[in-house]
Participant: 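Just dropping this structure here.
Keep in mind it's a predicted model, so treat the numbers as computed, not measured. Proteins get letters first, then strands, A, B, ... in listed order; numbering begins at 1 in each.
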There are 2 protein chains.
Amino acid sequence: MMDKKKQKKLEAAGWKVGNAEDFLELTQVESDYISLKIALSRHLKTRRQSLRLTQKDFAGMIHSSQSRVAKMEAGDPGVTLDLLVKSLLTLKTPIEDIEKMLP
Amino acid sequence: MMDKKKQKKLEAAGWKVGNAEDFLELTQVESDYISLKIALSRHLKTRRQSLRLTQKDFAGMIHSSQSRVAKMEAGDPGVTLDLLVKSLLTLKTPIEDIEKMLP
DNA sequence: GTTAAATATGTCAAATTTGATATAAATTGA
DNA sequence: TCAATTTATATCAAATTTGACATATTTAAC
């Protein structure tokens, strides 16, 4: 588990991989944090699509760009929870839906 | 509502205040976003205290500094949801508690 | 298959957030 | 009171995230 190859892959994708200490100490938090972000991005994509909005249109709504929306929906690690949450709020995502996504 | 004086006050505290268009378009989102952050920071402080941790001790747990923890708990606008959520996850905040804080 | 629209991917300067540091102010316990 | 601990506030260089842009790839409609 967690061999060099997998580590390389994760790092190439932009995920941080620390040393053994950090790994043992942070893995659960990091794991939950990543899970949350992925859940939010999936929901964002689903919701945008159900509203028949293109990424470009939605980008305009949040004063951002199509490429950044694509990154959000792709679960890009370089996207903050802040941006994701603001995006969901913009689409008036019901609170219950957000709650369901929490770890 | 939203006179110059109040605007000055908000800006001095670090909150963004846009023009009329942005205001009308974003206020609900911004408001919800700020509410969420404040709820999270309050909860963080409460939980840290209930665990009898000093800000310094907790800062060590999240590899940050006492001053940043103070800012988190003060609801400083220059603190991301990411940092707040990671902090709460570190303190193993029960999911139900996080749910209760949602707008 | 061709075309057009939508989405994905890469890059980058500017803006924002970060941990660290210093120090002031507040709280605690004698 | 007062010294020690804790918390608040300010500043800053380094790191990260941002929107914008270019361009490649995929999807959709014909």
Side-chain angles (χ1 to χ4, degrees), chain A residues 9-18 21-22 25-26 29-30 33-34 36-38 40-42 44-87 90-91, chain B residues 9-18 22 25-26 29-30 33-34 36-38 40-87 90-91:
Chain A
K9 217 172 183 179
L10 287 170
E11 285 172 344
W15 299 107
K16 289 274 178 63
V17 177
E21 268 185 44
D22 287 341
E25 187 175 358
L26 292 179
V29 168
E30 283 291 334
Y33 168 74
I34 292 170
L36 175 57
K37 293 221 306 191
I38 290 177
L40 292 171
S41 37
R42 286 222 187 95
L44 174 64
K45 179 164 195 167
T46 300
R47 183 139 181 83
R48 175 185 62 78
Q49 286 175 333
S50 79
L51 294 173
R52 318 269 161 193
L53 291 168
T54 66
Q55 290 183 344
K56 194 179 174 189
D57 290 340
F58 177 59
M61 294 173 66
I62 59 171
H63 308 293
S64 185
S65 60
Q66 178 269 322
S67 62
R68 187 133 294 271
V69 171
K71 274 159 193 146
M72 276 198 256
E73 293 182 353
D76 187 307
V79 170
T80 59
L81 278 180
D82 300 71
L83 193 56
L84 282 166
V85 165
K86 281 183 184 171
S87 296
T90 299
L91 294 184
Chain B
K9 217 172 183 180
L10 286 170
E11 285 171 343
W15 300 107
K16 290 274 178 60
V17 177
D22 286 342
E25 187 176 357
L26 292 180
V29 169
E30 283 291 333
Y33 168 74
I34 291 170
L36 175 56
K37 293 222 304 190
I38 290 177
L40 291 173
S41 36
R42 286 223 187 97
H43 197 271
L44 174 64
K45 180 165 196 167
T46 300
R47 183 138 180 83
R48 175 186 61 78
Q49 286 175 332
S50 80
L51 293 174
R52 317 269 160 191
L53 292 168
T54 66
Q55 288 184 345
K56 194 180 175 189
D57 290 340
F58 177 59
M61 294 173 64
I62 60 172
H63 307 294
S64 185
S65 61
Q66 178 269 322
S67 62
R68 187 133 294 270
V69 172
K71 274 162 191 142
M72 276 198 255
E73 293 182 352
D76 188 307
V79 171
T80 59
L81 277 181
D82 300 71
L83 192 57
L84 282 166
V85 166
K86 281 183 184 172
S87 295
T90 299
L91 294 184

Participant: Nearest-Å distance, CD (Gln55(B)) to P (dT5(D))?
Facilitator: 16 Å
Participant: Could you tell me the separation between the NZ atom of Lys56(A) and the P atom of dT7(C), rounded to a whole number of Å?
Facilitator: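 Lys56(A) atom NZ is separated from dT7(C) atom P by 11 Å.
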Participant: At what distance, to the nearest 0.5 angstrom, does NZ of Lys56(B) lie from CD of Gln66(B)?
Facilitator: 9.0 Å
Participant: Under 4.0 Å between a side-chain N/O of Lys45(A) and OP1 or OP2 of dA8(C), yes or no?
Facilitator: yes
Participant: With Val79(A) as reference, evaluate Leu84(A), Val69(A), Leu40(A) under the side chain to side chain contact (heavy atoms under 4.5 Å, CB included) test and give the passing residue.
Facilitator: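 Going through Leu84(A), Val69(A), Leu40(A) one by one, the side chain to side chain contact (heavy atoms under 4.5 Å, CB included) with Val79(A) is satisfied by Leu84(A) alone.
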Participant: Using modelled atom types and a 3.5 Å cut-off, is there a donor and acceptor pairing between side-chain atoms of Arg48(A) and backbone atoms of Phe58(A)?
Facilitator: no
Participant: I need the Leu83(B) CG to Asp82(A) CG distance, nearest 0.5 Å.
Facilitator: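 Between atom CG of Leu83(B) and atom CG of Asp82(A) there are 10.0 Å.
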Participant: Could you state the interatomic distance from OG1 (Thr54(A)) to CD (Gln49(A)), rounded to the nearest 0.5 Å?
Facilitator: 11.5 Å
Participant: Measure CG/Leu81(A) against P/dT18(D) and give the value in whole Å, please.
Facilitator: 10 Å
Participant: Just by protein heavy atoms under 4.0 Å, how would nucleotides 17-30 of chain C read 5' to 3' in B, S and -?
Facilitator: SBBBB---------
Participant: Let me know the distance between CG of Leu44(A) and P of dA8(C), rounded to the nearest Å.
Facilitator: 11 Å
Participant: From Met72(B) CE over to Lys37(B) NZ, what is the distance, rounded to the nearest 0.5 angstrom?
Facilitator: 11.5 Å
Participant: Can you tell me the distance, in whole Å, between the CG atom of Asp76(B) and the C1' atom of dT11(D)?
Facilitator: 13 Å
Participant: What is the distance, rounded to the nearest whole Å, between atom CZ of Arg52(A) and atom C1' of dA5(C)?
Facilitator: 16 Å
